[in-house]
> 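Sending over a structure as structure tokens; questions will come in a sec.
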Amino acid sequence: MISTKSRVPRQLIAYILKKGNSYQSDLFIVRYTKNDKHFSRYRAIISKKLLRGAVDRNKLRRQIYEIIRTKDAEREEKHAHDLILIPKKNILPRTFRQIEDDITKNIINRPHDQSEQA
RNA sequence: UAAACAAAUUUGAGUGGUCGCCUCUCACCCGCCUCAGGCGGGUGCGGGGAGGAAAGUCCGAGCACCACGGAAAAUCGCAGCCGGUAACACCGGGCCACGACGAAACCUAAUAAGAUCGUCGGAGGGAAAGUGCCACAGAGACGAUACUAUCCCGUACCUUUUUGUUUCAAAAAAGUGCGGGGGAAAGGUGAAAAGCCCGCUUCAGGCGGGACAUUCCCAAAAGUUUUCCUUCACGGAAAACAAGCGGGAAAGUGGGUAAACCCUGUGAGGUGCAAGGCGGGAUGGAAAGAUUUAUUUUCCUCCAAAUGUAAAUAAAUUUUCCCGCUGCUGGAGUUGUAAACGCGUCCGCCUCGUGCGGGCUCCAAACAACCAAGAUAGAUGACCACAUUUUUCCGCUUUCGGCGGAGAAAACAAAACUCGGCUUAUGAUAACUCGUUUAAGAG
RNA sequence: GCGGGUGUCGUAUAAGGGCUAUUACCACAGCCUUCCAAGCUGUUGAUACGGGUUCGAGUCCCGUCACCCGCU
């Protein structure tokens with residue numbers, strides 16, 4: 001789990017989902033915007049259609065936040081972003097290590113600024 | 001007594017370490033307002049951090065706002081009795097000619113049924129207010145009907161017999177066919193047959209009596225509640241409610257189905273913490289709708305412009321939500337010890353009873369201790385090591401099997417204002433109770 | 001969080017409490033054709049699950065499960 005200030009504030013979520021830029025990794029749909037902080041903020045949203053029980057849904061969200069905490073927690077960045085991660089259906093059979101690889105390679109180390117310029 | 005199986009109740013998933021999350025108290029630091037102090041942010045020590053079902057949202061409440069002069073109707077529930085309770089569709093007790101299964105006395109040639117007893121279950125008012133439905137089969141399924149059998153009358157004169165006669169004709173009786181009528185005591189059908197039983201009688205209807213159910217009255221009563229008296233305690237008295245049981249009277253009706261409509265009694269105003277209150281409203285986001293202004297496009301008109309119509313975009317205006325605090329965590333609370341009464345159950349004793357004494361479970365006065373979840377796109381996770389169980393693969397040994405290594409799994413499932421129940425999911429391990437089976441022993 | 005609704009062969013649909021549960025497409029088999037298609041004939045296959053009421057439930061009542069739709 002990451003602290004409250006490292007998570008995207010609640011009132012920005014609707015705005016990011018509607019107006020933010022978007023791309024997909026192997027396991028996630030990602031929507032993001034720039035922010036004026038010196039660190040990136042994250043939020044994981046899991047659909048009730050993906051996992052029906054509340055226990056499984058809470059566990060997946062905690063694992064995602066745990067990966068972000070160990071790999072990216074409050075890292076200093078010049079151009080930080082607010083990111084929302086939405087898991088896709090093919091995340092279900094994956095182990096913790098496989099999810100960790102996908103987030104590290106495709107999301108945290110991705111140069112978001114280039115895609116904006118393009 | 002032991003073992004196995006099954007059910008109910010209680011318990012609710014190992015240990016340690018690293019990093020990390022939410023919240024509370026205290027201390028320190030920073031910033032702002034003000035100078036008692038308050039607000040915001042940060043750091044550190046310490047405390048706390050999901051369940052028996054948090055679930056389904058099926059009932060009952062608290063709490064909050066809105067509406068409201070009263071009554072009735074409609075709609076939606078509930079349904080024998082007493083009590084527990086804030087309340088309930090929950091729980092406990094006892095009742096029932098309510099149902100199922102079992103036992104066996106009496107009766108009987110024997111069986112069945114039946115009064116009785118035991119166990120389990122029961123959404124258990126009313127079918128004598130009315131309406132509807134009851135397939136197939138069957139005569140008939142509820143204002144009864146007329147198939148078979150049966151009785152009466154008429155008729156045919158086909159058959160037989162008798163009387164009579166030469167014969168024919170005629171008459172009577174029986175049988176058969178046809179028509180009309182009487183009529184429910186017999187049958188087979190069916191889940192169910194005009195309610196049941198007994199006696200007398202008729203060609204057949206018919207008559208009388210009994211038992212049960214219904215209503216009213218009377219007497220007593222399981223049980224419960226309240227009050228009073230007395231006592232160390234046991235206890236006693238009175239009043240109220242009282243299902244069912246018994247007696248008497250009336251009525252003179254009787255198939256089933258009300259989880260069919262309905263009738264009777266009884267209850268319910270609506271919305272739900274996203275209720276509601278306070279603050280903020282600077283910027284921004286979402287939704288809704290309208291107005292104004294500007295631009296662009298289309299249409300009408302047209303030489304063109306302006307005006308008008310429709311659409312899109314932008315800006316402004318309005319409302320609601322998004323934000324912070326509150327409601328918000330202490331409540332009909334939980335745990336432990338446990339008196340007395342009482343229900344249940346087991347054991348012993350005798351005078352064998354609605355008996356006495358004792359043990360256990362439940363219930364529970366009183367006392368003590370504790371209250372430490374309050375998140376808000378929603379706080380408990382990840383990794384490592386060890387231990388237990390199950391399982392897969394590989395290697396060694398090899399009769400079942402054992403040893404070593406690697407991997408996987410270890411229930412159902414997570415608060416969202418708070419309680420009381422119900423229902424459903426799961427059941428490692430342990431405890432206790434009841435039941436069944438087997439084995440051994442005793443009578 | 002709150003509320004409403006629906007479950008019938010593989011698919012889409014019928015069925016006043018009274019059947020061996022209807023019809024069409026699909027599937028399978030046969031006929032027809034040189035072969036395929038079309039056509040004809042036949043077969044298989046279902047009341048979501050568990051109880052209750054009733055002589056008798058797809059239907060009535062209760063409880064689960066799955067799915068769908070609203071409010072927010």
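Proteins get letters first, then strands, A, B, ... in listed order; numbering begins at 1 in each. Computed from heavy atoms alone, side chains included, the values below leave out hydrogens, waters and symmetry copies.
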> Could you tell me the Watson-Crick or G-U partner of B/U167, where both distances fall under 3.5 Å? Say none if there is no partner.
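Pair assignment: B/U167 / none.
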> For the P atoms, the ones on B/G246 and on B/A115, what distance do you get once it is rounded to whole angstrom?
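The same atom, P, in both gives a distance of 14 Å.
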> A/Ile67 CD1 to B/G20 P: how many Å, rounded?
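Whole-Å distance recorded here is 18 Å.
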> Could you measure between the two C1' atoms, the one in B/G443 and the one in B/A411, and give it in whole Å?
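Taking atom C1' in both B/G443 and B/A411, they lie 49 Å apart.
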> Which way is the base of B/G125 turned, syn or anti, if we draw the line at 90° from 0?
anti
> Considering only the P atoms, how many Å lie between B/U119 and B/G244, rounded to the nearest integer?
23 Å
> For B/A387, give the paired nucleotide (Watson-Crick: N1-N3 plus N6-O4 or O6-N4; G-U: N1-O2 and O6-N3; both under 3.5 Å), or none.
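By the stated definition (distances under 3.5 Å), nothing pairs with B/A387.
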> Which one is paired to B/U176, where only Watson-Crick or G-U wobble pairs with both distances under 3.5 angstrom count?
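Answer to the pairing question: B/A156, which forms a Watson-Crick or G-U pair with B/U176.
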> Starting at CD1 of A/Ile64 and ending at P of B/U380, how long is that distance when rounded to a whole Å?
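Computing the A/Ile64:CD1 to B/U380:P distance gives 14 Å.
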> Could you let me know what B/C228 is paired to, Watson-Crick or G-U wobble, both distances under 3.5 Å, or none if it's on its own?
B/G236
> Which nucleotide, if any, forms a Watson-Crick or G-U wobble pair with B/A258, using both distances under 3.5 Å?
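When the pairing criteria are applied, nothing turns out to pair with B/A258, so the answer is none.
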> I want to check something: taking the side chain as every heavy atom from C-beta on, are A/Phe28 and A/Ile64 in contact at a cut-off of under 4.5 Å?
yes
> Using only heavy-atom distances, decide whether a donor-acceptor pair under 3.5 angstrom links the side-chain of A/Glu66 to the base of B/G381.
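A donor-acceptor contact between them is present.
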> Glycosidic conformation of B/A387, syn or anti, with 90° from 0 as the boundary?
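Anti, which is what one calls it when the glycosidic angle falls more than 90° from 0.
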> Rounded to whole angstrom, note down the C1' distance from C/G58 over to B/U418.
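After rounding to an integer number of Å, I get 44 Å for this pair.
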> Starting at CD1 of A/Ile68 and ending at C1' of B/C21, how long is that distance when rounded to a whole Å?
14 Å
> Taking B/C95 as the reference, what is the distance to B/G132 when you measure between their P atoms (whole Å, please)?
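Taking atom P in both B/G132 and B/C95, they lie 43 Å apart.
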> Roughly how many Å is it from OH in A/Tyr65 to P in B/C383, rounded to a whole number?
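Going from OH in A/Tyr65 over to P in B/C383 covers 19 Å.
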> Taking the P atom in each of B/G77 and B/G270, what is the distance between them to the nearest angstrom?
14 Å
> Using both distances under 3.5 Å as the test, list the Watson-Crick or G-U wobble partner of B/A79, or none.
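Pair assignment: B/A79 / B/U264.
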> Rounded to the Å, how far apart are A/Leu60 CG and B/A413 P?
18 Å
> Would you mind pulling out the nucleotide paired to B/U436, Watson-Crick or G-U wobble, both distances under 3.5 Å?
B/A4
> Using whole Å, report how far CZ of A/Arg62 lies from C1' of B/G49.
12 Å
> When you check the glycosidic angle of B/A372, does it come out syn, meaning within 90° of 0, or anti?
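Chi for B/A372 falls in the syn range.
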> Distance between the P atoms of B/C82 and B/C88, in whole angstroms?
14 Å
> In whole angstrom, give me the gap between the P atoms of B/A425 and B/A61.
28 Å
> Can you check the A/Arg61 CZ to B/A414 P distance for me, whole Å?
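Nearest whole value for this atom pair: 13 Å.
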> Is B/A50 paired to anything, Watson-Crick or G-U wobble with both distances less than 3.5 Å, and if yes, which nucleotide?
none
> Quick check on B/G381: is either OP1 or OP2 less than 4.0 Å from any side-chain nitrogen or oxygen of A/Gln63?
no
